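Protein chains get the first letters and strands the later ones, always in sequence-line order, with residue 1 at the start of each. Values in this document were obtained by computation on a predicted structure and should not be read as measured data.
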Amino acid sequence: MLITKRFSYFAKVILTAIASTILIFFAQSALAQGETQIALFLFIATAAIIITYLTRVSIPLKFFLPGMLFLFAFVLGPVIYTISMSTFQYQTGNYISKPQSIERLLELGVISDENAPSFDVVLGKTSIGKLAILASNSQIKRYFLSTKDEITDLAPSELTLDENGVAQSAPNFTVLNGADRSKLDKEIASTRFKYQGDFFIKLEGLSAGLINQQSLFYDSASDTFKNKLTGATYKDNGRGNYANIDNPSEILQPGWRSPIWFDHYKNLVTDPTIRKPLFKVFVWTFTFAFLTVLTQFALGLLVALTLNKPFFGRRFYRSIFILPYAMPSIMSILIWGGMFDTEFGAINNLFGTNIAWFQNATFARAAVIVVNLWLGFPYFYLVTSGALQAIPSELAEAAAIDGAKPRQIFSRVTLPLLLQIVSPLLVASFAFNFNNFNLIYLLTGGGPTNLLDGEIAGATDILISYTYKIAFGTNIQNLGLASAISVIIFLIVASISLYGIRRSKVLDSFK
Amino acid sequence: MQKNKFKKGFVAAVVLALGASALAVPAKAADKEILVWADETRGPNLVKTLAAKSDWVSGYTIKIRTFSSFDALKTAVDAATDLTGPDIIVGANDWVATGAKNGKLAPLTLTAAQKANYTANNFFDLSYKGKLYGIPLDINNVAMIYNENLVSKAPKTFGEMVNYYKANKDSKGLVAGLCIAGGGMSWGAHSVFSALGGNAYVMKNGAVDANAKPVSADFVKNVKALLIDPATGKGNGFFPASDTGCKKNFLDGKVPFAVVGNWEWTDYQDAGFYLNLMPVPGVKAGSNGKMFGSVSGALLTSYAAKRGNEAGAKAVLTDFFGSAAGAVAYQKNELRPPANKAAAKGDLLTAQVNFGKASAAAGIPQIGAILNGTTGSKSYWDLLPAFWTAVLTDGKDVATEAGKLNDFLTKNIKAGVADL
Amino acid sequence: MRNWLRTTLWRHVIGLLVTFFAIFPLYLVILSAFSSSGSLEVTSFIPSELSIKNFKVLFTSPTIPYLVWMKNTLVISGLVAILSVIIGASSAFAFSRLRFKGKKMGLQLLLLVQMFPAILALSAVYVIMERVYTFAPKFGLGTQPGLLLVYLGGAMGVNIWLLKGFVDSIPVELDEAAKVDGASEMQTYWQIFIPLAAPVLAVVALLSFIGTFNEFILARLFLVDMNSRTIAVGLQGFIGGQYSQNWGPFAAGSLIASIPIVIIFLSLQKYIISGLTAGSVKG
């Protein structure tokens, strides 16, 4: 016992040491790359591992720590991120941070002169090691050497020209080779080579230079942009864009993610263009989850009752009925999608119909329920047949002696008891289907959507798929609003589940 | 007591030793690599092209990352940030407006000589608010093909095709007259929409005509006369509201006319069909249905500058993607018509050339700012399929539905033109 | 005879009807896997041909590394299954057996956090892993180890009910006897609990394996290279492609991929059912 104890102790120390070494290694690499948040997380994780496993501060933590670290990093972290996103104007056009936006606007404020000549350039360094371009335009016969500070005109006689009349070398100018250019990429791309007055030459790639000027200027003291050419002034409009002070609808793109606090939540209630489709989806989500649980449970129960007495073929049926549940659901859903195709689908073929299943709201909804029934009835068959066996047969027998008919026994004795046993599962299934994204996304994509009548949400869209559309759809992507809806979904599902947990009294075992 | 001290010392020694060794390892430096993101077909074709010749810009290597699907690429582009975003995205032109608004794309300016290699339409597709964001790569378009075993000569009008279908439907076991085999019910079907008198927008002198009505009164008349069965009020079977199975039906000889995409013409050639490519004929002889002759682009990202790759990325764009030699080498693998004019005259296959010609005859640019309906709130891509379903499948009134369609498209044009 | 009709015939009627419903899509998969037309079109429900073209495509086409996908799936799902069982079982043990403050609260919070709609967290996960990529390119975005790490985020909570229920059912006397012998909590866990829990751990591992197998939204975002994909992502590509729907190879691929899972499922039936009644949900 002592030997194993000592051995396990050393093993523990070495494992802890290895784990903390790896984590410290990554933490310092993260720090080196400027990822301070991740580095901090990793350092704290390392400290937690060392303290937990090498001391006796907390024994439960020894069991929880690995799971908790992953939970914090990949579940809790993203959840907090989503909640914080819901307080931002975060959508197409308002995607980056404010400093990034200012940087982009300044770059977009560089206007090239369409009518001015362009130059073929060769990159090099002057005799004092400054980055320079040797620029040629053989049509207007202009040649010059330019750095960010000065421009020197050159005569063709001083230069070596190639067959196209492009200067290849000049006195006091060392041409950069490919590797040198790639090292200096950042400097090459950002240098404004002197031309004349406010005009400068900017490289487009490595061999062409164009004449540009800066039209948009930023004043950090007043946080405004001024356009030198039009004279317009743009001011922060509080919603993530700089807007023209004379014409607020004219905004500069790109904008930035701007904090708007609870506006998204307010809009869910007050803005009819958001509220109406959301309400429709909300109703269907409840209907869908309810019908799913009802149909799955009903068929599952029917099958369980059918198979609850031994008879020839029972084992066969049993194996068959589990198949839909055993089959990987992603594949089943995709196959059902193909089966409901109007022209080639097996369903229309089988029944000799010509129904456009996914183009018609009612049929599409029916199809979704049928597919989900297929996916889920085996689960309820399995759990109800388990539960039926758990109900003491004396109860039914006693009722029979009292003269009750089989139907009465079922509805008065068996069913209530069964419901009591499976009700937490019904609630769990309801919560699961409330967020059954895969099914909707892969089967109908939320459609059909009656666009011509101005609808935004599809007929089979449930809250989660609708949220996904808002966040990642092809149209406007509104991550802020989608996050706010996610938080609402969470509150609903969490309350349903908490209710389920409380009812099932699972937590009572903790007393 | 003695034992405990020993234990503590041991622990401290191990932790310190390993900790020190971890701290000693330096972080490694990145290579100068131009990272290009592409979809599942263009990615492998670019890899093939670059395997044959890789030194397009000296001092840089070009690295291609292929995504499992166009959707996956789009998802990744949506999620990309400064840290791991690519330098160049080979993507759809309708990503340009969104990418520019989100600060993900960076502008580039071409010299007059470089510009001369493309048509103005090509640049239209890849520009937003007067700035160009990429190099036009290949032309994406559709063309109509007809089955010569069924139809002896090219139809001159839309009505001719409908009459053929009605006359031969039963005797030849046709399941439809004309269907969309490539490009879907909005992008591919624009040629049919336009042949009947509808348009996503009307082009006039190289610009969008903001005053022209997208859905004309003739359109309602034509749809009623040509596509609707007066007895049922639904589609007459000539033009199905869905594109599923169209390709197979055409190949099986059950549909005489099909609109096919320029990315899969080899499938038709391999099945023994002659590629008699043409625009969809209009209602009046001599007119054509306009198709999207859009370009996909190699788009410059703003990440390139962050990564210190901007000059190199621009050079890759102009010297590889934008050069005639680069375009020809790539299209030898991709097999679409190149956007580059010099490359289009190069050593290409007949079908590539013919698709290019069809696009030149009846192509319109694909302007994301209008079509995506970002400001009008409903996209053309969703609206047109909804129209076909409403009219052909559900049997709703053509005039009413066309009116609604017209209202949305008009709104999109107004908003889009203001946004351009 | 009349009695047979009354007691058994109706069972067969219902049984056959439900059998038809349950088996119909599966039958179609087999039908199109062995058909050469490449569509899910049904011209006749009786197979007219037995072509292995689709299977050939999967194993010989240079652009479809099906075997590599299979391997990736087995490695990723297998590792996730093993590691989540380790993480989940230890948490369940602690929740069931150890005394500490805020236990009830902790368990509730753990459950609630799982209820948060994860779809939106997609962009957050993406940003985190992208950052990881900058300093640890082998574990960041676009890598299988990175995807594995993300999957482990759910390891603690997903099957906690099932596991905790099982630990609760192990008699407390056993631990107490061990404690009298001087065993620490860790020793009790490893030497008494783990061997007893082996069957239920196998079920949890299987459920987590299938859950990971079915996951494709994160996988599609992470595994961009053809050769790093999982089966779900790879097969979805056949029919979710930009241009075409290729049902033949999809059906063949699904068939091959499902057979092992179905077999394991059927053979572990008994345990799975006991697990299901304890409230686990298959992904």
Please look at [X] and chain C and tell me whether the side chain, the backbone, both or neither of the residue comes under 4.5 angstrom of a heavy atom of that chain.
X: A:Leu442; result: side chain
X: A:Ile485; result: neither
X: A:Val422; result: neither
X: A:Phe434; result: neither
X: A:Ser486; result: both
X: A:Asn438; result: side chain
X: A:Phe64; result: both
X: A:Ala73; result: backbone
X: A:Phe72; result: neither

Step through it carefully: locate the ring centre of A:Phe312, locate the ring centre of C:His12, and say whether they are under 6.0 Å apart.
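No, they do not, as the ring centres are separated by 6.0 Å or more.
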Would you say the ring centroid of A:Phe63 lies under 6.0 angstrom from that of C:Phe100?
no
What part of [X] is in contact with chain A, defined as an atom under 4.5 angstrom from a non-hydrogen atom: side chain, backbone, both or neither?
X: C:Phe93; value: side chain
X: C:Phe209; value: neither
X: C:Ala92; value: neither
X: C:Leu112; value: both
X: C:Thr19; value: both
X: C:Ile128; value: both
X: C:Glu215; value: neither

Can you tell me which of [options] forms the most heavy-atom pairs within a distance under 4.5 Å of chain A?
options: C:Ile86, C:Val125, C:Leu26; value: C:Leu26
options: C:Ser258, C:Pro25, C:Ser254; value: C:Pro25
options: C:Leu149, C:Ile87, C:Leu266, C:Leu111; value: C:Leu149
options: C:Gly253, C:Gly88, C:Ala94; value: C:Ala94
options: C:Ile217, C:Ile264, C:Ile231, C:Leu83; value: C:Ile217
options: C:Val132, C:Ile259, C:Ile261, C:Val113; value: C:Val113

Which heavy-atom pair separates [X] from [Y] by the least distance, and what is that distance?
X: C:Gly153; Y: A:Phe74; answer: CA-CB, 4.1 Å
X: C:Leu98; Y: A:Pro60; answer: CD1-CA, 3.7 Å
X: C:Met156; Y: A:Met68; answer: SD-N, 3.5 Å

Taking the side chain from C:Asn214 and the backbone from A:Ser329, do they hold a donor-acceptor pair closer than 3.5 Å?
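Looks like yes, one N/O pair under 3.5 Å.
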Of A:Asn435, A:Thr467, A:Ile38, the largest count of non-hydrogen pairs under 4.5 angstrom with chain C goes to A:Ile38
Rounded to the nearest 0.5 Å, how far apart are CZ of C:Phe139 and CZ of A:Phe26?
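Atom-to-atom, C:Phe139:CZ and A:Phe26:CZ are 4.5 Å apart.
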Can you tell me how far the CG atom of C:Leu235 sits from the CD1 atom of A:Ile330, to the nearest 0.5 Å?
8.5 Å
Could you go through C:Tyr151 and A:Phe70, starting from their C-alpha distance and side-chain angles, then the distance that decides it, and tell me whether this counts as ring pair (Phe, Tyr, Trp, His ring centres under 6.0 Å)?
CA-CA 9 Å; C:Tyr151 283 153; A:Phe70 282 113; over 10 Å; no
